[in-house]
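Just so you know, ligand 1 is whichever comes first in the structure, and atom 1 is the first atom listed for that ligand. Atom set for the values below is all heavy atoms of this structure, side chains included, hydrogens, waters and symmetry mates excluded.
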Amino acid sequence: MPKLNENYLNLKASYLFSEIAHRVAAYSEAHPDQKIIRLGIGDVTLPLGASVIKGLHEGVDAMASKETFKGYGPEQGYEFVRDAIVDYYARNGITIHAKEIFISDGAKSDTGNITDLFDRDNVVLIPDPVYPVYVDTNTMNGRNITYINATAENNFLPMPDENLAVDIIYICSPNNPTGAAYNKEQLKVWVDYALKNNAVLLYDSAYECFITDPTLPRSIFEIEGARKCAIEFCSLSKTAGFTGTRCGYTIVPTELEFTASTGAVMNLNAMWNRRQSTKFNGVSYIVQSGAAAAFTEEGMADCKKNIAYYQENAKLLADLMTRKGIRYYGGVNSPYIWLECPNGMESWEFFDYLLNNAQVVGTPGAGFGNNGKYFFRLTSFGSREATLEAIERLEKLL
Ligand code: MLT
């Protein structure tokens with residue numbers, strides 16, 4: 001009999017968004033005439049931009065002819081996409097090198113897979129509430145998790161104190177689910193903590209494209225010292241509408257290294273390269289062709305139009321909260337509205353209340369951690385029509 005990974009016994013029965021989908025499907029089956037508006041999972045609704053479509057078509061055409069056909073590509077991603085990302089960062093004043101960029105099918109996979117590089121005996125610091133992938137993947141590995149509270153009192157931006165003793169730190173900014181975004185001074189404190197304590201920062205910047213405040217950092221590599229302690233994960237899911245197309249990237253600086261128990265120096269870029277080339281065969285050429293187009297100036301201009309549309313949705317939802325006197329966070333520099341459930345309701349109770357009475361789906365804060373128990377997340381990624389209809393229904397209900 002195989003000995004199973006019993007850490008799976010410590011997981012919730014299903015992943016948060018699978019659980020929501022299941023509950024919504026059950027409601028829909030019982031009420032086939034009701035029109036449900038889904039503002040739960042942060043899934044985009046606008047079609048891909050014209051530049052990306054052109055890039056995808058070019059990718060398809062390349063596969064159609066003997067001269068340009070591609071078989072296996074480099075596991076790290078094609079040079080042309082990595083170079084396009086180098087340029088994208090350079091336009092934002094950040095220097096990274098192509099060999100530090102690894103193309104993948106998205107930040108969800110990479111933030112989970114990165115745990116391969118670390119021993120089980122690490123103390124992992126995860127904010128509560130948080131994107132559930134960080135918690136679930138470390139639980140699968142049987143790792144010790146320490147939580148740091150993100151609450152209204154610290155504006156959902158927890159900071160390290162002198163008693164903190166951890167090895168691996170997850171930061172997501174702008175944050176999923178709360179929408180809170182760290183400023184440069186705050187991130188500098190985290191980088192200094194990591195450098196001083198020989199810790200590594202795993203920085204998820206999947207929502208960087210929603211930052212409108214020019215003083216806020218869009219990458220951990222805007223912070224001095226980060227190249228020696230941080231890995232950045234990003235995705236085209238929200239930036240370019242790739243939730244279904246799938247493409248993301250991870251940046252592992254070549255300076256990032258730690259000394260092993262044997263005294264050998266282990267380089268995380270080399271380790272990640274080894275891991276990816278062993279376990280991953282890369283993203284399809286066609287998708288990478290579309291992704292490279294997204295990073296051009298023209299491609300980004302298309303992406304920004306779609307992002308502006310979602311930002312307007314976020315504003316419309318935020319205005320509703322203001323009119324209703326409901327305390328909320330996010331909505332600017334973020335596609336998410338993180339609101340306090342009205343009348344002291346708990347988040348799953350509020351989820352059922354909205355589903356049953358307005359047929360609007362959101363995400364219960366409890367799914368992101370204990371500190372989300374009385375909070376609820378709405379996404380701005382719906383269509384304008386759906387968002388406006390949800391607002392009309394909630395206007396009457398709340
Ligand atoms: C979310 O709704 O939190 C995200 O869309 C999920 C994801 O990025 O995997």
Notebook entry, point to check: Just which atoms of ligand 1 are under 4.0 Å from any heavy atom in K238?
Noted result: 4 (C), 5 (O), 8 (O)

Checklist line | Sequence-distant partners of R38, salt bridge (charged side-chain N to carboxylate O under 4.0 Å, His left out), two or more places apart | finding: none

Note to self: Could you check whether R384 makes a cation-pi contact with Y309, meaning its NZ or CZ is under 6.0 Å from the centre of the six-membered ring and within 45° of the ring axis?
What the structure shows: yes

Check: Salt bridge or not for D319 and K315, using N-O below 4.0 Å?
Finding: yes

Notebook entry, point to check: N/O of F368 under 3.5 Å from N/O of ligand 1, yes or no?
Noted result: no

Margin query: I need the atoms of ligand 1 closer than 4.0 Å to a non-hydrogen atom of G42, numbered in the order shown.
Written below: 1 (C), 2 (O), 5 (O)

Check: Looking only at heavy atoms, is any part of Y207 under 4.0 Å from ligand 1, and if so is it the side chain, the backbone, or both, or is it neither?
Finding: side chain

Next item on the list: Please indicate whether any nitrogen or oxygen in K108 is less than 3.5 Å from any nitrogen or oxygen in ligand 1.
Entry: no

Notebook entry, point to check: ligand 1 versus F381, non-hydrogen atoms closer than 4.0 Å: side chain, backbone, both, neither?
Noted result: neither

Distance-only donor-acceptor pairs under 3.5 Å for side chains of residues 211-219, two or more places apart:
from	atom 1	to	atom 2	distance (Å)
T212	OG1	N333	OD1	3.1
D213	OD1	T215	N	2.8
D213	OD1	T215	OG1	2.7
D213	OD2	T215	OG1	3.3
R218	NE	E208	OE1	3.0
R218	NH2	E208	OE1	2.9
S219	OG	F221	N	2.9
S219	OG	E232	OE1	3.0
S219	OG	E232	OE2	3.2

Next item on the list: Would you kindly specify which portion of N176 sits under 4.0 Å from ligand 1, judged on non-hydrogen atoms: side chain, backbone, both or neither?
Entry: side chain

Notebook entry, point to check: Mind checking whether Y131 has an N or O less than 3.5 Å away from an N or O of ligand 1?
Noted result: yes

Check: Are the side chain of N141 and the backbone N or O of R143 linked by a donor-acceptor pair below 3.5 Å?
Finding: no

